[in-house]
Amino acid sequence: MTGAPARPPLLQMALRIEHDIFLVRQRGREVAAAVGLEHQDQVRIATALSEVARDLLHGVGGADVSFHVDDGSDGRCHLRVDLAPTRPLPGDRYEPQSGAVARLVDRLGVIGVGRDTVVRMSRRVPVAAQALTQERLAELRAELGRSAPGSALDELAAQNQQLIAALDEVRSQRDELAVLNEELQETNRGVMALYGQLSEELEETNRGVVALHAELDEKSAQLRAASESKSRFLANVSHELRAPVTAIIGLGRLLADSASDPLTEEQAEQVGLIRSSASDLLTLVNELLDLAKAESGRIEPEWADIDLRPVFGQLRGTLRAVATRPEVQLVVEEPPSPATLRTDEVLLGQVLRNLLHNGLKFTERGEVRLRARRRDDTWLLTVTDTGPGIAPELHERVFEEFYQVPGAIRVGGTGLGLPYARRLTALLGGSLHLTSEPGRGSTFTVTLPAGGA
Ligand code: ADP
């Protein structure tokens, strides 16, 4: 928007006396209206002009004022007013008396035009205004040339009008602000109410959760108490049963002893039946006692760093006596070294013996295999057999007390071995899992932390 004006000015006028200030103001507003500035902008540019005109009249005795329309580099038209002072500005500088003047227009400043300096102000014409073609500008030039400036009184009246309009606008804006404020307060009240409601609901929920927790605590305490009394009952009953059952076995042995009076064949058979039933009963009583002990937490593992190899060796030896079927092979693999593990050797032996015993009991042909593998910080001890296998839906049930797979071959037993083995494994800090499918054998896996629980 800089550079020499290419077109003739829309209007020119001289500012020499006080009265001219009114005229400059009035003409400024007219030109602004003619090129299409909005009402507010017309008042702004007229006000800025009268302020600058007053400064220049008092400062340097006046100026020649010219109005132009330029095409700006932004593709938009700009109304430009040049005020060429009659005497040079002191130091070629100009500062408006009122600092607010510069804010009324887009640009206000001193510009060098040839060897002279002019005070220049400009304001952008809105896009919505009528296009300022060469013809339109010529028309405006002619119109402005024809119209005669009004008197100072006219200008005062016009200014009054503008002031009233401005006051009106301020009032309506203030009213709008009041309405907005009211709405804002209303919204605030709503938000506060919602917040209150939410916190109340939250508190309510919290109270519910606390009550639920208390109930849960109470239920688990009851459960614990029930489980303890069950264990106590089992322990007492089995303990009380053990002495008479042992006595029956002893008496049976005495009766069958060759040193005693000889028995008839039938009597001998009946005594044999009594002895085998009593020894089944003793097994059951002993297992019940073991399980009750494990459940009541009265078994304290004796932790020690052990070597798996002798443990496996002993199992190989003792279970060979149980593996009586020639069609079933017992394979106890050599554990990979170093085969060290922190655990209770006796309890671990019981768990593995139990699993191997089951394998040998239920497998009719093939093999039962014990294998140890190390994975990171754990030992996986697996007992795999080629027996009948167990349906997936029973994988957890076989760990329940007294549960025996229905329809399976009956080979004695109490249904307490697996729950006991799982209980002991847990005491050793590990877990016992089963993978199996009917007809494809079973694999029981004992997972133990190498460093102990
Ligand atoms: P028990 O062997 O004294 O019956 P357990 O608790 O050791 O009791 O086992 C529960 C049941 O799980 C067994 O009765 C049997 O039906 C099933 N079971 C256990 N081990 C095996 C196995 N290796 N193969 C097939 N079935 C098994």
Side-chain angles (χ1 to χ4, degrees), residues 227 230-231 234 238 241-242 245 276-295 299 312 315-316 318-325 327-333 347-372 380-428 430-447:
S227 156
K230 185 193 82 178
S231 300
L234 284 181
S238 15
L241 276 177
R242 207 142 64 149
V245 171
S276 99
S277 299
S279 86
D280 281 352
L281 197 58
L282 187 63
T283 313
L284 174 65
V285 165
N286 282 339
E287 286 189 3
L288 267 177
L289 205 56
D290 283 344
L291 189 62
K293 247 165 79 183
E295 283 193 348
I299 296 183
F312 276 33
L315 286 169
R316 199 180 288 123
T318 51
L319 283 157
R320 196 160 287 152
V322 183
T324 46
R325 286 196 192 109
E327 304 85 7
V328 180
Q329 208 193 345
L330 171 69
V331 185
V332 177
E333 289 186 8
L347 299 184
L348 176 62
Q350 278 183 23
V351 172
L352 296 176
R353 194 174 308 113
N354 203 310
L355 298 175
L356 287 166
H357 206 277
N358 272 354
L360 292 169
K361 216 163 49 167
F362 295 105
T363 307
E364 294 190 301
R365 67 181 58 81
E367 63 167 37
V368 176
R369 181 180 288 268
L370 171 63
R371 170 191 290 171
L380 303 177
L381 311 176
T382 51
V383 177
T384 310
D385 65 48
T386 54
I390 299 168
E393 63 273 16
L394 302 179
H395 284 187
E396 278 307 305
R397 292 214 66 185
V398 292
F399 290 101
E400 287 173 14
E401 290 152 31
F402 301 111
Y403 187 82
Q404 295 181 307
V405 174
I409 15 160
R410 290 257 158 255
V411 274
T414 56
L416 291 172
L418 285 181
Y420 181 54
R422 184 171 256 188
R423 202 67 224 174
L424 290 189
T425 318
L427 278 176
L428 297 176
S431 58
L432 170 59
H433 289 286
L434 161 65
T435 44
S436 175
E437 259 180 66
R440 305 196 130 192
S442 310
T443 298
F444 288 87
T445 307
V446 178
T447 309

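FYI, the numbering just counts along the sequence from 1. Each ligand, and each atom within it, is numbered from 1 in the order the structure gives.
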**Message:** Side chains of Phe444 and Thr382, heavy atoms from C-beta outward: is any pair under 4.5 Å?
**Reply:** no

**Message:** Between Glu396 and Arg422 (salt bridge meaning N to carboxylate O under 4.0 Å), is one present in this structure?
**Reply:** yes

**Fill in**
For Val405, the ligand 1 atoms with a heavy-atom partner under 4.0 Å come out as 16 (O), 17 (C)

**Request:** May I ask you to test the Tyr403-Leu418 pair for a side-chain heavy-atom distance under 4.5 Å?
**Result:** no

**Item:** For Ala372, all residues meeting side-chain contact (heavy atoms from CB on, under 4.5 Å), sequence neighbours excluded
**Value:** Leu308, Phe312, Pro335, Pro336, Trp379, Leu381

**Message:** Between ligand 1 and Lys361, can you find any atom pair, the residue atom being a heavy atom, that is separated by under 4.0 Å?
**Reply:** yes

**Prompt:** Which ligand 1 atoms are under 4.0 Å away from a heavy-atom of Tyr403?
**Reply:** 10 (C), 11 (C)

**Message:** Is the contact between Leu416 and ligand 1 made by the side chain, the backbone, both, or neither, using heavy atoms and a 4.0 Å cut-off?
**Reply:** backbone

**Asked** Does a salt bridge link Glu364 with Arg325, judged by any charged N lying under 4.0 Å from a carboxylate O?
**Response** no

**Request:** Indicate, as side chain, backbone, both or neither, the part of Asp385 found under 4.0 angstrom from ligand 1 when only non-hydrogen atoms are considered.
**Result:** side chain

**Prompt:** Atoms of ligand 1 less than 4.0 Å from Ser442 heavy atoms?
**Reply:** 24 (N)

**Item:** Arg353: salt bridge (Lys or Arg N to Asp or Glu O under 4.0 Å) partners, not counting sequence neighbours
**Value:** none

**Prompt:** Would one find an N or O of Gly415, backbone or side chain, under 3.5 Å from an N or O of ligand 1?
**Reply:** yes

**Item:** Distance filter under 4.0 Å to Pro419 heavy atoms, resulting ligand 1 atoms
**Value:** 6 (O)

**Item:** Atoms of ligand 1, numbered as shown, that sit under 4.0 Å from any heavy atom of Gly417
**Value:** 5 (P), 6 (O), 7 (O), 8 (O)

**Prompt:** Heavy-atom contact under 4.0 Å between Gly387 and ligand 1?
**Reply:** no

